[in-house]
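A quick write-up on the structure given underneath.
Only heavy atoms go into these numbers, but all of them, side chains included; no hydrogens, no water, no symmetry mates.
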Amino acid sequence: MIYIALPDDKVRRLSFYLAMEEYIAHNIDEDECFYMWQVNPTVIFGRNQLMENEVNLDYVRVNGIETYRRKSGGGCVYADFSNIMFSYITKDRNVSFTFLSYLQRVALTLQKLGVNAIASGRNDITVDEKKVSGNAFYRTSEKSIVHGTMLFNTDLEKLVLSITPNDKKLISKGVESVRKRVTNLSEYLDINIEEFKRFVRTHLCDSERTLTYEEVAKIEDIEKEYLSEEFIYGNNPRYTVVKHSYGDAGDIQVRLELKNNVIKDINIVGDYFLVGDIDVLFKMLHNVDYDRKTIEALLKDVKMEDYIFNLDKSRFIDILFQED
């Protein structure tokens with residue numbers, strides 16, 4: 001695996017590092033690329049999440065915490081300089097294999113440091129059954145991208161305050177709950193964060209490439225999309241029907257705008273993982289009667305797993321027509 005380095009130590013916005021993933025995917029012809037990055041206190045919410053539902057907006061504004069949307073699915077994440085972000089870009093297109101294989105390699109690297117780490121659940125790495133890393137993925141036309149957190153010495157109280165509703169009772173319970181389920185690597189290691197980063201880099205990568213300032217400028221151009229209000233806030237029409245479910249695919253909320261029982265608009269929000277262009281699915285359902293048999297016939301040859309990871313067609317249709 002090749003490590004992709006930047007030509008300077010400048011502190012950049014989280015949006016830059018997301019754009020860097022895209023640049024690497026489209027322009028660097030390597031089987032596997034990897035890099036690590038750190039940011040000022042920031043909240044990152046998933047491609048399919050509503051910011052106002054996931055972020056304590058009052059708290060982050062008062063405390064100068066930045067907010068960004070990413071193109072991968074998954075849940076809302078808090079990051080700061082005591083947390084390390086990992087980015088992995090590969091030519092492998094098999095989502096399940098790529099995701100599990102990468103998480104196992106990271107877990108094995110932690111094991112070499114004497115940490116009892118395992119790949120766990122849908123997208124986590126845990127130590128003694130406590131989460132130290134959460135990860136998400138998405139695909140470009142050329143590559144698969146996996147990125148995630150690695151909690152080293154993050155302030156867990158600030159994490160909770162940033163990503164929970166502005167309710168003192170919920171926050172108090174949230175902090176207590178998170179401390180039981182989440183931990184920092186610093187609790188298990190005698191090395192500092194810079195030594196840890198060097199160890200990971202040495203054990204995961206066998207070569208290095210440093211980007212040029214010309215390439216950095218191209219990344220900054222890609223970054224403009226991540227900074228646009230349209231991308232950050234998204235399109236949120238007034239939906240007339242909302243169906244909610246939680247299962248193997250994650251938290252899924254289907255929102256429908258119906259007129260005379262015809263689907264005029266549809267969106268799916270939640271912490272699920274996209275593996276295909278979901279707009280293709282939405283176009284199929286546009287101007288279609290909101291009728292179970294009609295939609296079953298329309299989706300007869302469609303594989304939902306090509307759009308949303310771990311969601312089969314029958315489950316999706318059940319969600320669409322579940323009783324309130």
Following the transitive rule for hydrophobic clusters with a side-chain heavy-atom cut-off under 4.5 Å over Ile, Leu, Val, Met, Phe, Trp and Tyr, establish whether [X] and [Y] coincide in one cluster.
X    : Y    : result
F81  : I84  : no
I263 : M284 : yes
L298 : M304 : yes
I118 : L108 : no
M36  : I191 : yes

Can you check side chain to side chain contact (heavy atoms under 4.5 Å, CB included) on T109 and F199, steps first, answer last? CA-CA 8 Å; T109 301; F199 185 90; 3.9 Å; yes
Least distance between heavy atoms, [X] atom then [Y] atom:
X    : Y    : answer
E257 : Y239 : N-CD2, 3.6 Å
L227 : R13  : CD1-NH2, 3.4 Å
S144 : D92  : OG-O, 2.7 Å
E215 : L211 : OE1-CA, 3.3 Å
I4   : I28  : CD1-CD1, 4.1 Å
R70  : G75  : NH2-O, 2.7 Å

Is any side-chain heavy atom of [Y] closer than 4.5 Å to one of [X]?
X    : Y    : answer
L14  : W37  : yes
E30  : R209 : no
V39  : Y17  : yes
Y35  : I89  : yes
I163 : E54  : no
L256 : L320 : yes
D271 : Q49  : yes
Y138 : E21  : yes

I'd like to know whether [atom1] of [X] has more than 12 heavy-atom contacts from other residues, nucleotides or ligands below 6.0 angstrom.
X    : atom1 : answer
D206 : CG    : yes
E129 : CD    : no
K91  : NZ    : yes
D8   : CG    : yes
D248 : CG    : no
N287 : CG    : yes
K112 : NZ    : yes

Tell me whether [X] contacts the main-chain N or O of [Y] through its side chain, where contact means a donor paired with an acceptor under 3.5 Å.
X    : Y    : value
N184 : T154 : yes
S101 : T98  : no
D124 : S120 : no
E22  : A19  : no

Pair N116, Y188: side-chain N/O donor-acceptor within cut-off below 3.5 Å: no
Checking side-chain polar atoms at under 3.5 Å, does S314 have a donor or acceptor matched by the opposite partner on D312? yes
[atom2] on [Y] to [atom1] on [X], rounded to 0.5 Å:
X    : Y    : atom1 : atom2 : answer
N48  : F273 : CG    : CZ    : 10.5 Å
M1   : R201 : CE    : CZ    : 13.0 Å
K197 : Q38  : NZ    : CD    : 3.5 Å
I317 : L299 : CD1   : CG    : 5.0 Å
F152 : I193 : CZ    : CD1   : 5.5 Å
Y88  : I24  : OH    : CD1   : 13.0 Å

Under the ring-ring contact (aromatic ring centres under 6.0 Å, His included) rule, what do F321 and Y290 come out as? Steps first, then yes or no, please. CA-CA 9 Å; F321 294 98; Y290 180 58; 4.7 Å; yes
Show your reasoning for whether side chain to side chain contact (heavy atoms under 4.5 Å, CB included) applies to H244 and D251. CA-CA 8 Å; H244 183 256; D251 186 55; 2.6 Å; yes
Quick one: which of K313, K243, R292 gives a salt bridge (Lys or Arg N to Asp or Glu O under 4.0 Å) with D318? R292
Output, in order, the C-alpha distance, side-chain angles, deciding distance and verdict of ring-ring contact (aromatic ring centres under 6.0 Å, His included) for F86 and Y102. CA-CA 11 Å; F86 288 2; Y102 168 72; 7.4 Å; no
Cation-pi geometry met for K71 and Y226 (6.0 Å, 45°): yes
Run the side chain to side chain contact (heavy atoms under 4.5 Å, CB included) test on K130 and L151 for me, step by step, so that the C-alpha distance in whole Å, both residues' side-chain angles and the decisive distance to 0.1 Å come before the verdict. CA-CA 11 Å; K130 290 186 176 183; L151 298 175; over 6 Å; no
Could you walk me through whether N123 and F137 pass side chain to side chain contact (heavy atoms under 4.5 Å, CB included), step by step? CA-CA 9 Å; N123 60 322; F137 67 83; over 6 Å; no
